[in-house]
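Accompanying notes for the structure given below.
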2 protein chains.
Amino acid sequence: MGRPKEFIAEDALTQATRVFWTKGYEATTMVDLLTATGLSKSSLYETFGSKRDLFLAALSGYCDERTQMMRELLQSRATAREAITAFFALIVEQARQEGRPFGCLSCNEAAQMEAHDTEVQRVVARDLDSMEAAFAEVIDRGHADGSIPPQVDSRRHARFLNTLHHGLQLMARTRSVDRMEDTVAVALAALDQADGLARPASQ
Amino acid sequence: MGRPKEFIAEDALTQATRVFWTKGYEATTMVDLLTATGLSKSSLYETFGSKRDLFLAALSGYCDERTQMMRELLQSRATAREAITAFFALIVEQARQEGRPFGCLSCNEAAQMEAHDTEVQRVVARDLDSMEAAFAEVIDRGHADGSIPPQVDSRRHARFLNTLHHGLQLMARTRSVDRMEDTVAVALAALDQADGLARPASQ
DNA sequence: GCAGTTATGGACTGGGCAGTCCAGAACGAA
DNA sequence: TTCGTTCTGGACTGCCCAGTCCATAACTGC
């Protein structure tokens, strides 16, 4: 069966993901990726195709993992309200971790992806959709378990929380953990307000 | 006095800013900048120094202009509450405009700036600070004119609105204007809630 | 119209980039 | 041990990039 591989593709992908996450797609060079993964050029090209293919694989994998983690976390608490609190606490907590790249790969790339790059846009859009859906589901659960007032519209608030999450990840990128904390405190309070939909908002 | 310049530096900077805004620093080439500004290579290097210097000038100029526009807008309405509404309506409106680059240059660069790039970080941090200050001031004005409940803490809510703004600009980048609208509606409602600070939030 | 000064166009350079390719290494099978 | 297969290291390529440089153009003052 020929010479066996000297690396595990999955591990290499994880390392490559960290590089893209830290530096962004454009600023990342193949040398960066070779160093981080420890692969030889041939192995990397043989396994992943090209820098761009590798990036798309990294981005997709990152999004899938994050979505799954998020769904699990959101279902792991007694009430939906607690689950949402826990989720945002985790986001803040992650921003504090030393070894972890700052911000969120998907959010970062959303900010720098080219207008005509439909492939990256599709992955990012999918990520946006699935996070919004996860937020909407947990809010609905909150309606059922009584932890979130019924007047809180699930779609609207899901979009709100989603946008807020992206803002938080940008703040994480700038290392503004204090700002993140204050933001989360205010945002969570909005979930407990009953009259959020009653007033004729500005649209 | 020698041969006169055939261009206006200010205009060239405006054009260059649009390119960086659209493509991001890394993805922008000198050819892009030469084409957009119409300058010759010598003139561009003579006037702005280097690609990086030009970028820093573009970013600073963008931030200054945006901050000034924001302050003027926030002071142009009868009440602070109306001013904040108008500001976010403008952000959504801008996201709709066809000819305008998507999102916000400062927000985009915040997402892709390198960890060791202290110069860009400083400009972005300054922008973050001045926007937060502007939000805090308008909230204080709202306390005075009665349009914002006194329980709404100005610093906390300023940070909240600032983070939200960054999230909105990311959504603009992904062309999700619907999401922006829903987000703004929810966020503005939070400003009218009196008990936002009374509850022991998650921190 | 001449001298001095400044701006311009474009050829040029060196470096770094993504990606290719092949000789040989490292196995499994018989 | 030998053969077939698969993987690996690294030399190599060609391209595009930011930045330099200089001959010449375009002007002002005298």
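Values reported hereafter were calculated over all heavy atoms of this structure, with side chains retained and with hydrogens, waters and symmetry mates removed. Each chain gets a letter, A, B and so on, in the order its sequence line appears, and its residues count up from 1. Computed from a prediction, not measured in an experiment: that's the story for all the values here.
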Do I148(B) and I84(B) have side-chain heavy atoms sitting under 4.5 Å apart?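 Result yes, sub-4.5 Å side-chain heavy-atom pair found.
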Heavy-atom check, side chain of L90(B) versus side chain of M69(B), under 4.5 Å: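 Result yes, sub-4.5 Å side-chain heavy-atom pair found.
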Determine, step by step, whether R179(A) and D129(B) satisfy the salt bridge (Lys or Arg N to Asp or Glu O under 4.0 Å) criterion, reporting the C-alpha distance in whole Å, the side-chain angles of both residues, the deciding distance to 0.1 Å, and the verdict. CA-CA 11 Å; R179(A) 287 194 172 104; D129(B) 289 342; 2.5 Å; yes
Measure the distance from [atom1] on [X] to [atom2] on [N] and round it to the nearest whole Å.
X: L44(B); N: dC21(D); atom1: CG; atom2: P; answer: 17 Å
X: Y45(B); N: dC12(C); atom1: OH; atom2: C1'; answer: 14 Å
X: E46(B); N: dT8(C); atom1: CD; atom2: P; answer: 9 Å
X: F7(B); N: dA26(D); atom1: CZ; atom2: C1'; answer: 14 Å
X: F55(B); N: dC17(D); atom1: CZ; atom2: P; answer: 18 Å
X: D53(A); N: dA18(C); atom1: CG; atom2: C1'; answer: 12 Å

Between dG9(D) and K41(A), counting only base atoms on the nucleotide and side-chain atoms on the residue, is there a donor-acceptor pair under 3.5 Å?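 Such a pair does not exist between side chain and base.
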Return yes if the base of dG19(D) and the side-chain atoms of S50(B) contain a donor-acceptor N/O pair under 3.5 Å, otherwise no.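 Answer is no: no donor-acceptor pair is held.
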Would one find a side-chain N or O of [X] under 4.0 angstrom from OP1 or OP2 of [N]?
X: S42(B); N: dT8(C); value: no
X: S43(B); N: dT8(C); value: yes
X: S40(B); N: dG9(C); value: yes

Output the residues of residues 16-34 of chain A in contact with DNA chain C, where contact means a heavy atom of the residue under 4.0 Å from an atom of the strand; sort by number or write none.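 Residues of residues 16-34 of chain A under 4.0 Å from DNA chain C: T28(A), T29(A), M30(A).
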Quick check, are the ring centers of F135(A) and F87(A) under 6.0 angstrom apart?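 They qualify: ring centres under 6.0 Å apart.
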Applying ring pair (Phe, Tyr, Trp, His ring centres under 6.0 Å) between W21(B) and each of Y62(B), F102(B), F55(B), report the one that passes.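 Of the listed options, the one satisfying the test is Y62(B).
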Over 12 foreign heavy atoms within 6.0 Å of CD, E10(A):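 Open.
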Cationic tip of K51(B) above Y25(B) ring, under 6.0 Å, 45° of axis: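 That pair qualifies as a cation-pi contact.
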